[in-house]
Amino acid sequence: YTLTHTQAHKMSYDRAITVFSPDGHLFQVEYAMEAVRKGSTAVAVRAQDVLVIGVERKSTAKLQESRTVRKMVKIDQHISLAFAGLTADARVLINKARLESQSYRLTVEDQCSVEYMAKYIAKIQQRSTQQGGRRPYGISTLLVGHDVDGSPHLYQTDPTGNYSEWTANAIGRSSKTVTEYLEKHHENPDTCTEEAAIRLTVSALLEVVESGQKNIEIAVMRKGTGMEMVNQDLLDALSKEISDEKEKAKEQAAARTENN
């Protein structure tokens, strides 16, 4: 097996994290983005005064404690995070974020803003794309929380070190499909209720999660109370209702096609 000139040329640039290829790529960063695209799907939706996050829960081994496998975590009382990508990388980044949040409270005697935390996480991720001797963090995050004035915010960070604010977004496997679904169905966040946001998050996840409601986890971030998991029985009933509605819509669409 012999490498083509193009393959050999590309390999010489993906060995070092800090070296640009002639066409402006940092291949190791792009590989980290690919690790995110292979991760479990995560979705976040901003509503009127709450935020809803949902993740695809991978099935655990029979003897494994499922509580030790978490894709949604609390950074502080007012900020939570969902991630897609390498869990070990996420654990390290989450611990850094928690430490920074407590350090900020100690120094300023107040909670940090959601944007401050998004900027901090993005700074840590960007640093790993510019220094030799380390590799990029193979995760993207969806950061949700409330500022001091009670306003809800949703930010995304990725392995490049970019961060941006959204009204709804998805990361991980099939995130493009989920994002397109959110674009079609997300109401104005300033009028969207908590119930509507939960329903939209579940519905968006069911677009890509194969085995249905048992593999979905949903949490709600309310002002003052922090992150609370949605009851599994409620989630099962809602998922079944949405799945039935989608099946009915498909049957009606098929019937219309036949009539035409």
Side-chain angles (χ1 to χ4, degrees), residues 34 36-62 64 66-67 69-72 80-85 87 140-142 144 152 154 156 166-222 227-260:
E34 189 59 35
V36 171
R37 283 189 282 270
K38 292 184 187 305
S40 302
T41 313
V43 180
V45 174
R46 176 164 71 84
Q48 193 172 8
D49 52 5
V50 302
L51 298 120
V52 179
I53 46 178
V55 294
E56 175 188 5
R57 181 173 57 193
K58 290 290 178 73
S59 54
T60 54
K62 189 176 180 181
Q64 187 179 14
S66 59
R67 66 180 176 76
V69 183
R70 283 278 177 262
K71 293 285 183 181
M72 295 185 291
S80 295
L81 174 152
F83 66 88
T87 305
S140 280
T141 70
L142 292 173
V144 298
L154 160 61
Q156 182 203 343
W166 298 73
T167 55
N169 200 8
I171 53 175
R173 185 177 63 85
S174 304
S175 58
K176 188 178 178 186
T177 304
V178 180
T179 304
E180 287 172 356
Y181 183 87
L182 291 170
E183 286 172 357
K184 286 179 186 173
H185 297 88
H186 189 30
E187 304 172 16
N188 180 349
D190 296 327
T191 58
C192 182
T193 63
E194 179 180 324
E195 292 75 19
I198 292 172
R199 188 181 183 85
L200 176 63
T201 306
V202 173
S203 189
L205 278 171
L206 287 175
E207 289 288 300
V208 295
V209 175
E210 292 166 10
S211 359
Q213 68 268 24
K214 296 297 181 188
N215 282 5
I216 289 176
E217 282 185 321
I218 305 289
V220 180
M221 278 288 290
R222 297 184 185 90
M227 185 173 78
E228 291 180 16
M229 301 299 293
V230 174
N231 182 279
Q232 191 62 47
D233 292 337
L234 177 66
L235 203 54
D236 291 349
L238 185 57
S239 299
K240 189 176 185 307
E241 183 186 325
I242 292 169
S243 297
D244 291 345
E245 283 177 9
K246 288 185 177 182
E247 283 299 319
K248 192 175 179 181
K250 281 181 186 176
E251 288 171 8
Q252 289 174 346
R256 281 196 298 270
T257 306
E258 286 176 11
N259 292 335
N260 293 337

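Residue numbers start at 1 and run along the sequence shown. As the structure is a prediction and not an experimental result, all values here were calculated from the model.
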Shortest non-hydrogen contact from [X] toward [Y]:
X	Y	value
Met221	Met227	SD-N, 3.3 Å
Ala84	Ile171	N-CD1, 3.7 Å
Leu206	Ser239	CD1-O, 3.8 Å
Glu187	Ala196	OE2-CB, 4.2 Å
Leu142	Ala42	CD1-O, 3.7 Å
Cys192	His186	SG-CE1, 4.4 Å

Any side-chain heavy atom of [X] sitting closer than 4.5 Å to one from [Y]?
X	Y	value
Asn169	Thr179	yes
Phe83	Val55	no
Gln232	Ile216	no
Lys71	Thr87	yes
Glu207	Glu180	no

To the nearest 0.5 angstrom, please state how far the [atom1] atom of [X] sits from the [atom2] atom of [Y].
X	Y	atom1	atom2	answer
Leu81	Ile53	CG	CD1	7.5 Å
Asp49	Glu194	CG	CD	8.0 Å
Glu228	Ile218	CD	CD1	14.5 Å
Arg57	Arg70	CZ	CZ	7.5 Å

Give a yes or no answer on whether the side chain of Thr41 reaches the backbone of Arg173 with a donor-acceptor pair at less than 3.5 Å.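 Judged by distance alone, yes, a pair lies under 3.5 Å.
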Gly172 backbone acceptor or donor facing Ser175 side chain under 3.5 Å: yes
Run the side-chain hydrogen bond (donor to acceptor under 3.5 Å, both in side chains) test against Asp244 and tell me which residues pass, sequence neighbours left out. Lys240
Please determine whether a side-chain nitrogen of the Lys or Arg among Lys248 and Glu245 lies less than 4.0 Å from a carboxylate oxygen of the Asp or Glu.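 A salt bridge is absent here (no side-chain N lies under 4.0 Å from a carboxylate O).
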Taking atom NZ of Lys38 as the centre, report whether more than 12 heavy atoms of other residues, nucleotides or ligands fall under 6.0 Å from it. no
Among Val45, Val50, Leu238, the one residue meeting side-chain contact (heavy atoms from CB on, under 4.5 Å) with Ile198: Leu238
Step by step, work out the side chain to side chain contact (heavy atoms under 4.5 Å, CB included) result for Arg46 and Asp190. CA-CA 9 Å; Arg46 176 164 71 84; Asp190 296 327; 4.1 Å; yes
